[in-house]
Amino acid sequence: MMRTFRESVVLWGRLMRKIVRVKLLLFFALFQPLLFLLLFSQVFNRLDQLPGFAYDSYLQFLVPSIIALTALNSAFQSGIGMVTDIEDGLLDKFLIAPIRRSSILFGKVMADATRMAMQALVIVGVSLLMGARFETGVLGVGMMIVLAACFGIAWAGLSNVIALRTGNGELTMMIGILITFPVLFLSTSFMPSALLPSWLDTVATFNPITYIVEAVRALVNTGWDWDAIGKAFGVTAGLAVVTFTAATAAFRKVIS
Amino acid sequence: MPLIEVSELVKIYPGDVQAVNDITFSVEEGEIFGFLGPNGAGKTTTIRILVTLLAPTSGRAVVDGIDVMTNPEEVRKRVGYAAQFIGVDDDLTANENLVLQARLHGLSKTEAGKRSNDLLEILQLTDAAHRRAGTFSGGMRRRLDLGQALAHDPRVLFLDEPTTGLDPQNRRALWTYLRELNERGVTIFLTTQYLEEADALTRRLAIIDQGVIAVEGTPQALKDDLGGDAITVTLAAGMDGSEVDRVAGLIGQYSDAGTARTYDGAVRVFTRDAASRLADVVRALDSAGVHVARLEVSEPTLDDVFLRHTGAKMRVEEVKQRSRMMSARKPR
């Protein structure tokens, strides 16, 4: 256990160093969510005047969605990074080291989670500047970040499955975009449940994003909704089991 | 006891592609042992089995007394591996790449830093220690990659075509490093498709072609086995196969083996007494009215050895870096 942790930390350190080292990548990783935050909050600004819109402002409503969207995008970087490491021969370097195979995975997951947490934190900071209020305070923000990172990791499992199966970074990126947008729009991310067409509202209840967004939304706007938080973690755990089982199988196939 | 012992090793990839077909060999401690063969001969497959990255279909491979199949982790502690395609992280500095590799092999932060400094010095990369590897030249990247393979001071170093893609100057420099390493006690197993590299570097080599070891020995012994110096008669352009055969018949008797070898419009005899035999060959050709383009006496080369044991000229082709996802699934 200690050993896996030590090995994972070494590999985590490498990935973190890369994030910080490639300044432009860091910039865009943080800038992209802010761009979405600014664009969506301006374009849909007047939605708060619709009857049935129960939030103080569209920004209050939107912040959780941007956190989720960012986690989804960030997750796809994970798979692309995996393909790059394989193509650059770096995975081989890790495989011939006397370390546990699982450490390679854990190190990666830890780095993904760190990146996602950083992104979520920046979104929270900027939305504060834009006038958003966080009902549950610092602890609530902490919970949001943990939720976003956990969900991001579960989703990163999916991106790794696609990346390992296709063996192609570009293709992974394209499939990622293709999946991300419908998944986001077929949820309560951009429109409250009450205002969605009824068929879409039904679809949204089967969409894992809805649960994450709703839990974070409660933390931002109303308070500690343990029922929503519980569901969000439950959905995340279920998703993670599925994606990581598939990712591990795909990983084994590539390294055997 | 040999440091590396391979017996009846077979690797068949999905789709019934037989990459390694029952090979047996061993490498003694302190040797530089080489696999010489063209692309697709089974060199990379063998090396990847030995460094535990690939499971054989059958057979046994033992490194330092440890079976690669049953105890891969112990094998990994003892071997260093530099793949044909360089594996360095371009975003990290030379020092960071080396420290990472040392840390993965269990060295503490301090030890790893010290080890990295030593390696940078040995590989003459000290000045570039804190530059990103992405800015390095081909030769520097090779050296850094070699340094990574040495990070944990392994007993055996496995090098898959270590000089492919290097210019002659860098190639020679790398040979010097490898010899120095060997003198420090590191056993080296390398693969190459360069005859002169096998000749210059290895103490013993095996010629491998189509998954089979054709012959094995010291470079000198293999050349001596051919039977002395070579007299090569190259016929004028445009001569057909029957003319080549006719010439082979004419001069075959002057070979110590009693027959001549033919290839690519040339006929060759090996003899321990080339100086006097040359006159006989010239007379025979002259009286038969053969149009000769060139006549040459040379010491036998590994090229000749390769030709004799595989029936073909050694063909060198450099493969471009391609997706490892593909190479991980398909044989090379």
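Letters A, B, ... are given to chains in the order of the sequence lines, protein chains preceding strands, and every chain is numbered from 1. Atoms considered below: every heavy atom in the structure, side chains included; atoms not considered: hydrogens, waters and symmetry mates.
At a heavy-atom cut-off of under 4.5 Å, chain A is reached by B/Arg132, B/Asp145, B/Gln148 from residues 118-152 of chain B, listed in order of number. Proximity to chain A at a heavy-atom threshold of 4.5 Å picks out nothing from residues 56-71 of chain B.
Contacts between B/Val79 and chain A at a heavy-atom distance below 4.5 Å are absent for every atom of the residue. Only the side chain of A/Val22 comes within contact range of chain B, with heavy atoms under 4.5 Å apart. Neither the backbone nor the side chain of A/Arg100 comes within less than 4.5 Å of any heavy atom of chain B. In this structure, the portion of B/Gln101 lying under 4.5 Å from any heavy atom of chain A is its side chain and not its backbone.
Using a 3.5 Å distance cut-off with no hydrogens or angles, the side chains of B/Glu161 and B/Thr191 do not pair a donor with an acceptor. In this model, no donor atom of one side chain and acceptor atom of the other lie less than 3.5 Å apart for B/Gln84 and B/Thr164.
Using a 4.0 Å cut-off between a side-chain N of Lys or Arg and a carboxylate O of Asp or Glu, B/Glu73 and A/Arg3 qualify as a salt bridge. A salt bridge does not link B/Arg103 to A/Glu7: none of the charged side-chain nitrogens sits closer than 4.0 Å to a carboxylate oxygen. A salt bridge links A/Asp92 with B/Arg48; the closest basic N to acidic carboxylate O contact falls under 4.0 Å. For the pair B/Asp91 and A/Lys18, the salt-bridge criterion is met [side-chain N within less than 4.0 Å of a carboxylate O].
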- Query: Hey, mind stepping through B/Glu197 and B/Thr192 against side-chain hydrogen bond (donor to acceptor under 3.5 Å, both in side chains) and telling me if it holds?
  - Reply: CA-CA 7 Å; B/Glu197 181 160 288; B/Thr192 182; 2.9 Å; yes

- Item | Criterion side chain to side chain contact (heavy atoms under 4.5 Å, CB included) on A/Met116 and A/Gln77, from CA distance to verdict | CA-CA 11 Å; A/Met116 289 162 184; A/Gln77 271 181 36; over 6 Å; no

- Go through the steps for B/Phe25 and B/Phe33 under the test ring pair (Phe, Tyr, Trp, His ring centres under 6.0 Å), then give the verdict. CA-CA 10 Å; B/Phe25 67 94; B/Phe33 180 84; 5.4 Å; yes

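We find the CG-OG1 distance between B/Asn170 and B/Thr163 to be 10.0 Å, quoted to the nearest 0.5 Å.
Classification of the A/Phe27-A/Phe31 ring pair by plane angle, with boundaries at 30° and 60°, yields parallel.
The greatest number of non-hydrogen atom pairs below 4.5 Å with chain A, out of B/Arg76, B/Glu74, B/Lys77, is found for B/Arg76. Interface remark: of the candidates B/Asn97, B/Thr52, B/Val75, B/Val88, B/Val88 forms the most heavy-atom pairs closer than 4.5 Å to chain A. Ranked by heavy-atom pairs shorter than 4.5 Å toward chain A, the options B/Asp89, B/Leu53, B/Leu100 are led by B/Asp89.
A distance of 6.0 Å or more separates the ring centres of A/Phe106 and A/Phe5.
For CZ of A/Arg17, the number of neighbouring non-hydrogen atoms (other residues, nucleotides, ligands) closer than 6.0 Å is 12 at most.
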